[in-house]
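Report on the following structure.
Quick note on labels: first sequence line is chain A, next is B, and so on, each numbered from 1.
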Number of protein chains: 2
Amino acid sequence: MKLSKDQTIEIAETFRLMGDPTRLAILVECLDGPVSVGDLVTRTGASQSLVSHHLRLLRAARILTARREGKNVYYAAMDDHIRTVVGDMIDHVAEPADEGLG
Amino acid sequence: MKLSKDQTIEIAETFRLMGDPTRLAILVECLDGPVSVGDLVTRTGASQSLVSHHLRLLRAARILTARREGKNVYYAAMDDHIRTVVGDMIDHVAEPADEGLG
DNA sequence: ATTATATATGAAAACGTGTTCATATGTTGA
DNA sequence: TCAACATATGAACACGTTTTCATATATAAT
């Protein structure tokens, strides 16, 4: 599987955004359906400002989608690829495999 | 799907490591089978030292496995979860979807 | 209009990571 | 043992990101 330099950079950027614990926690909360910003603040324990900053990044990278409903804004995982990626990574980390050499 | 704080940190760490263009390029080259360090240097265009530093991180995080064969050391993707994760992410980035709101 | 609630944003502080350079270690063959 | 090749490592530099604080915008209700 051969990737262009631009593809590589875009994919790396998406992984990088998933690679912060606070952002990943936000993303995981959004996997099963839309969640309001307020609920994300409660569930992750991060500050409102921090959650909002991270949501902007996740949305800009098309990892999450947003829709406003009255005073609230609901965020959800962009597509099934995102759900699968996180799911597979959870499975990977669960494996007690060896890392080779010594 | 509910994750512990430690699980979240470990998974984020794995994503973070995939989130650098040089490291991702190295990883992608290792998806189809074992590749020597020298070949990785050639194929990625990165310096020998840099490739080696990154390989150490990828191996420590159980993203790649290593086996020595004579003078060479061959690196390969750790398991199918890793291959699937990268594959799904490539599919995700290929999608021309909307990011919601304005 | 004013107040209350929900979310977003800019700037600065606090912190971490990628890369290079020089050098060390490991392996093979003469 | 010496030379030649392959890979690994430590220290330092250069740069970027996460987080907080204060404040702004948006929506709804009285």
Inset, instruction - Give a yes or no on whether a salt bridge exists between A/Lys5 and A/Glu10, defined as a side-chain N under 4.0 angstrom from a carboxylate O. - result: no
Inset, instruction - Could you pull out the closest heavy-atom pair between B/Asp79 and A/His92, with the gap in Å? - result: OD2-ND1, 2.7 Å
Inset, instruction - Could you state the atom-to-atom distance from CZ of B/Arg67 to C1' of D/dT7 in whole Å? - result: 16 Å
Legend entry - Nearest heavy-atom neighbours spanning B/Val85 and A/Met89: CG2-N, 3.8 Å
Inset, instruction - Please check the phosphate of D/dA6 (OP1 and OP2 only) for any side-chain N or O of B/Tyr75 closer than 4.0 Å. - result: no
Inset, instruction - Indicate whether OP1 or OP2 belonging to D/dT7 is found under 4.0 Å from a side-chain N or O atom of B/Asn72. - result: yes
Legend entry - For atom CZ of A/Phe15 and atom C1' of C/dG18, their distance in whole Å: 19 Å
Inset, instruction - Would you mind telling me which residue lines up with the more 5' stretch of DNA chain C, A/Lys71 or A/Arg56, judged by nearest nucleotide? - result: A/Lys71
Inset, instruction - Determine: side-chain N/O of B/Arg68 to OP1/OP2 of D/dT7, distance under 4.0 Å, yes or no. - result: no
Legend entry - Distance in angstrom units between A/Tyr74 OH and C/dT7 P, rounded: 8 Å
Legend entry - Distance (rounded to the nearest 0.5 Å) between A/Leu50 CG and A/Arg23 CZ: 9.0 Å
Inset, instruction - Kindly write out the residues that satisfy side chain to side chain contact (heavy atoms under 4.5 Å, CB included) with A/Ala76, not counting sequence neighbours, or none if the list is empty. - result: A/Pro34
Legend entry - Least distance between heavy atoms, A/Leu40 atom then A/Glu29 atom: CD2-CB, 3.6 Å
Inset, instruction - List the protein contact pattern of nucleotides 13-22 of chain D with one symbol per nucleotide (5' to 3'): B for base contact, S for sugar-phosphate-only contact, - for none; contact means a heavy-atom distance under 4.0 Å. - result: ----SSSBBB
Legend entry - Interatomic distance where CG belongs to A/Leu55 and P belongs to C/dT9 [whole Å]: 11 Å
